[in-house]
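These notes concern the structure reproduced below.
Everything quoted here is computed from the prediction, not taken from an experiment.
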Amino acid sequence: MPGTTGVFDAVSESHRAMLSLAPWPSTPAARTVVTADKLIAPPCEVVLPTLQKIPVEQRFLADDREVIALAEILVESGIAVAEDWEKSGKDATKYLLLTLERWIRNHGGTAIDRRFDLELTLSDRLVDYSDERGPQDTLYLIVDPNGAAFVLLNPVLEVLTKMHPQLPATFFRHFVGSLNRWVRVYDYRDAEERVDMLREWYEGEDNPEQYEVPDVEGCTPRCLKEASLNLRSLRDLNQKIRNREVKVLVRALLELRGIARRAKRPEFTEDMGEQLMDSNPALPCLLAAFSTSDAVVGCFDDEAQTAMETTPQPNLIIPLNLSDPTSVCRGFRTLGVACETLAAASRLIDLMPGNEEGVITREEQS
């Protein structure tokens, strides 16, 4: 995660304070929120990364009691550091922002910045500008995309097929599965669901045969229909592989899988469901396609047209109970694992042939 790129301006509003690096529209129902810069950078919509410059912003609107309570817990637990207290000018709200930035940076922020376009928010509610907040003394760490990263699969699947017929399906299963533990990945299975839905719609028309649906099955490599190797077989195979490129890929895949399982994703609670009752599905953080213009991309683009008709659910929600310091520490550890998983996935994509594009450069982040 890039460092702070601006000067905080304090604005008083009754007994609340707002700190921002960019103008933020005021609203009577504005939620308590800290946006810790960005985990990455291109456009603010669900589209393939265009690597365009976007404004960087950080905002905070919170009750002093919650700010101080969280800051005290983070100090006592060793998550926050004294060095940032001096940098913040001894302001608790700025201190929280610096702590979040440092935490992400120490858990793979630089690697995440290369590929993903995500935002981390600390909030007392799950829906922007809603009057409904969570339970008392509860804040949420929320991870969501500003744009979907892109990974091209065909080149790596072709390389792996030459080594072992089951290796491509195994690679796909662990790569996508590890990321899906923490954020949403859009792949050919999502596209197949879209096609099934389109067919149901068209069957109700007078001339359903006039409608064409994307040929997802036709663009999906047959190698993915093979059974996956179990974990032990995959490790044994990697010991026998002599091709250095494949060996490095499998080693990075195993690293990703191991990191993703270091923590358990927080359960989706009843109060979360109530807050998100009218929400759309979560936006994808990554589009995994076989080629740059295949049917999977077509389905993704089609779904993107309506994804924001209602507020989407967050990708990841980590509740923090301010009355229980253990809950706060556990939440930050969970956030660390999620960040490290994204960082490991970014490093693996760097190794995958055909994925030289899609890297977010420092100029595009500034």
Side-chain angles (χ1 to χ4, degrees), residues 108 111-112 114-116 148-193 215-265 284-292 294-297 299-300 315 337-356 358:
I112 297 171
R114 281 181 57 79
R115 294 282 178 178
F116 293 92
F150 181 73
V151 62
L152 194 64
L153 295 174
N154 267 346
V156 71
L157 297 179
E158 291 172 1
V159 169
L160 298 176
T161 300
K162 297 175 183 178
M163 188 58 54
H164 192 285
Q166 292 174 274
L167 194 51
T170 307
F171 185 93
F172 178 88
R173 171 192 168 195
H174 289 304
F175 173 68
V176 174
S178 295
L179 272 171
N180 268 330
R181 288 177 67 91
W182 299 105
V183 296
R184 184 186 173 195
V185 177
Y186 192 101
D187 60 44
Y188 76 94
R189 296 167 298 186
D190 297 273
E192 287 175 342
E193 290 182 6
D215 186 12
V216 177
E217 183 177 357
C219 80
T220 303
R222 292 183 180 180
C223 59
L224 292 186
K225 305 298 182 182
E226 296 282 346
S228 298
L229 296 167
N230 60 40
L231 188 59
R232 181 175 180 178
S233 296
L234 178 61
R235 287 171 173 159
D236 289 344
L237 176 63
N238 197 39
Q239 294 295 323
K240 302 174 183 177
I241 292 175
R242 293 293 174 263
N243 182 297
R244 189 177 184 281
E245 179 185 16
V246 175
K247 196 173 188 67
V248 169
L249 283 167
V250 175
R251 185 185 301 127
L253 179 71
L254 290 169
E255 178 189 22
L256 170 62
R257 182 190 181 280
I259 291 172
R261 286 161 176 74
R262 288 178 182 171
K264 183 180 179 182
R265 184 189 182 99
C285 288
L286 176 71
L287 169 58
F290 302 114
S291 64
T292 55
D294 64 12
V296 177
V297 174
C299 288
F300 176 88
N315 265 245
V337 172
C339 289
E340 289 170 3
T341 299
L342 289 161
S346 180
R347 292 192 295 268
L348 177 53
I349 295 172
D350 283 346
L351 297 171
M352 294 165 63
N355 284 280
E356 294 76 19

Give the table of side-chain donor-acceptor pairs shorter than 3.5 Å for residues 155-169, with sequence neighbours excluded, one pair per line with atom names and distance.
unit_1 : atom_1 : unit_2 : atom_2 : d
T161   : OG1    : L157   : O      : 2.7
H164   : ND1    : Q166   : N      : 3.1
Q166   : NE2    : A227   : O      : 3.0

Closer than 3.5 angstrom, by distance alone: can the side chain of [X] be matched with the main-chain N or O of [Y] as a donor-acceptor pair?
{"X": "N355", "Y": "V151", "answer": "no"}
{"X": "R184", "Y": "C285", "answer": "no"}
{"X": "S346", "Y": "L342", "answer": "no"}

Closest heavy-atom contact between [X] and [Y]?
{"X": "A191", "Y": "V216", "answer": "CB-CG2, 3.7 Å"}
{"X": "L152", "Y": "G354", "answer": "CD2-O, 3.5 Å"}
{"X": "C339", "Y": "I112", "answer": "O-CD1, 3.3 Å"}
{"X": "R265", "Y": "W182", "answer": "NH1-O, 2.9 Å"}
{"X": "S178", "Y": "T341", "answer": "O-CG2, 3.9 Å"}
{"X": "F290", "Y": "C219", "answer": "CD1-O, 3.4 Å"}

Between [atom1] on residue [X] and [atom2] on residue [Y], distance to nearest 0.5 Å:
{"X": "D294", "Y": "N154", "atom1": "CG", "atom2": "CG", "result": "7.5 Å"}
{"X": "L234", "Y": "R173", "atom1": "CG", "atom2": "CZ", "result": "9.5 Å"}
{"X": "R222", "Y": "E217", "atom1": "CZ", "atom2": "CD", "result": "10.0 Å"}
{"X": "L153", "Y": "D187", "atom1": "CG", "atom2": "CG", "result": "8.5 Å"}

Flag side-chain contact, heavy atom, 4.5 Å: L287 against V296: yes
Among V297, I349, L286, which one satisfies side chain to side chain contact (heavy atoms under 4.5 Å, CB included) with F150? V297
Going by the angle between their ring planes, with limits at 30° and 60°, are Y186 and F300 parallel, tilted or perpendicular? perpendicular
In residues 245-262, what donor-acceptor pairs under 3.5 Å come from side-chain atoms, sequence neighbours left out?
unit_1 : atom_1 : unit_2 : atom_2 : d
K247   : NZ     : N238   : O      : 2.4
R261   : NH1    : R257   : O      : 3.3
R262   : NH1    : E340   : OE1    : 3.4

